[in-house]
Amino acid sequence: KSILGTAIVVAALGLITSAAHAEPGQCSASGFDSFDCELARDGAGLTFALPDGRVFSFALVSESEGLGYIGEAGAAYPAELGPMTPAVDAPGCWVGGKDGFAFCAQVAR
């Protein structure tokens with residue numbers, strides 16, 4: 001799973017700079033309040049920039065599991081945050097990962 005997830009994330013990290021594949025959204029992540037973001041989606045993955053300039057990527061493995069990654073923009077090997085599961089009663093939010101990392105992402109309507 002990690003090798004496949006890493007391949008998805010490496011591809012997604014390249015998408016964050018492509019406005020053609022990004023949609024305006026509202027995001028939050030551990031350590032940050034809610035913020036405007038550009039969501040780059042590719043198949044079963046999504047990527048968005050954090051307010052501190054790092055990039056968060058998420059690769060869906062199944063309906064109930066995904067893998068989170070975080071790293072500097074353009075990093076070839078972002079740090080794996082580990083398995084994440086959907087948050088109870090919070091659509092678009094996932095929790096788990098190392099140290100209980102959590103994120104929410106929603107396309108703006």
Side-chain angles (χ1 to χ4, degrees):
K1 282 197 244 183
S2 275
I3 293 172
L4 175 59
T6 300
I8 292 169
V9 171
V10 170
L13 285 172
L15 287 177
I16 197 67
T17 59
S18 174
H21 291 53
E23 299 174 86
Q26 192 66 210
C27 297
S28 64
S30 292
F32 301 99
D33 290 329
S34 184
F35 55 93
D36 292 334
C37 60
E38 291 291 319
L39 288 168
R41 296 187 291 171
D42 180 27
L46 64 86
T47 302
F48 58 88
L50 297 170
D52 66 2
R54 294 179 299 159
V55 175
F56 172 76
S57 293
F58 178 75
L60 189 64
V61 176
S62 71
E63 282 187 28
S64 60
E65 184 180 5
L67 295 171
Y69 299 85
I70 196 165
E72 298 300 320
Y77 298 101
E80 184 175 328
L81 295 172
M84 302 181 81
T85 57
V88 177
D89 298 326
C93 298
W94 291 72
V95 297
K98 293 180 181 170
D99 300 322
F101 186 88
F103 80 94
C104 299
Q106 185 174 24
V107 173
R109 301 208 184 259

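The model shown is predicted, which means the values in this text are computed figures rather than measured ones. For the single chain, residues carry numbers from 1 onward in sequence order.
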Next on the checklist: Quick test of your reading: applying disulfide bond (SG atoms under 2.5 Å apart), list the pairs with at least one residue in residues 44-80, sequence neighbours left out, ordered by first then second residue.
Outcome noted: none

Next on the checklist: For a quick test of reading the model, state the closest non-hydrogen atom pair linking I70 to R54 and the distance between them.
Outcome noted: CD1-NH1, 3.4 Å

Next on the checklist: Around atom CG of D52, are there more than 12 heavy atoms from other residues, nucleotides or ligands closer than 6.0 Å?
Outcome noted: yes

Checklist outcome for this item: Sorted by chain and residue number, the side chain to side chain donor-acceptor pair (under 3.5 Å) partners of Q26 (sequence neighbours excluded) come out as S34, D36

Checklist outcome for this item: Correct closest heavy-atom pair for G25 and L39 would be CA-CD1, 4.4 Å

Checklist entry - Which disulfide bond (SG atoms under 2.5 Å apart) pairs, counting each pair once, include a residue from residues 36-91, with sequence neighbours left out? => result C27-C37

Next on the checklist: Any non-hydrogen side-chain atom of T47 less than 4.5 Å from a side-chain atom of Y69?
Outcome noted: no

Next on the checklist: In this structure, would V95 and F58 fall into the same cluster of hydrophobic residues linked by side-chain contacts under 4.5 Å?
Outcome noted: no

Next on the checklist: Run the side-chain contact (heavy atoms from CB on, under 4.5 Å) test against S64 and tell me which residues pass, sequence neighbours left out.
Outcome noted: S62

Checklist entry - If you look at every heavy atom in P86 and E63, which pair is closest and at what distance? => result CG-O, 3.8 Å

Checklist entry - Which atoms form the tightest heavy-atom contact between S28 and F48, and what is the distance? => result O-CZ, 4.3 Å

Checklist outcome for this item: For D89, the salt bridge (Lys or Arg N to Asp or Glu O under 4.0 Å) test, sequence neighbours excluded, returns none

Next on the checklist: Working to the nearest 0.5 angstrom, can you tell me the gap between L60 CG and M84 CE?
Outcome noted: 12.0 Å

Checklist outcome for this item: Here the disulfide bond (SG atoms under 2.5 Å apart) pairs for residues 64-109, sequence neighbours left out, are C93-C104

Checklist entry - With a 4.5 Å limit on heavy-atom distance, are the side chains of L50 and F103 in contact? => result no

Checklist entry - If you take all heavy atoms of F35 and A49, which pair is closest and at what distance? => result CE1-O, 3.4 Å

Next on the checklist: Nearest 0.5 angstrom please: L81 CG to W94 CH2, how far?
Outcome noted: 14.0 Å

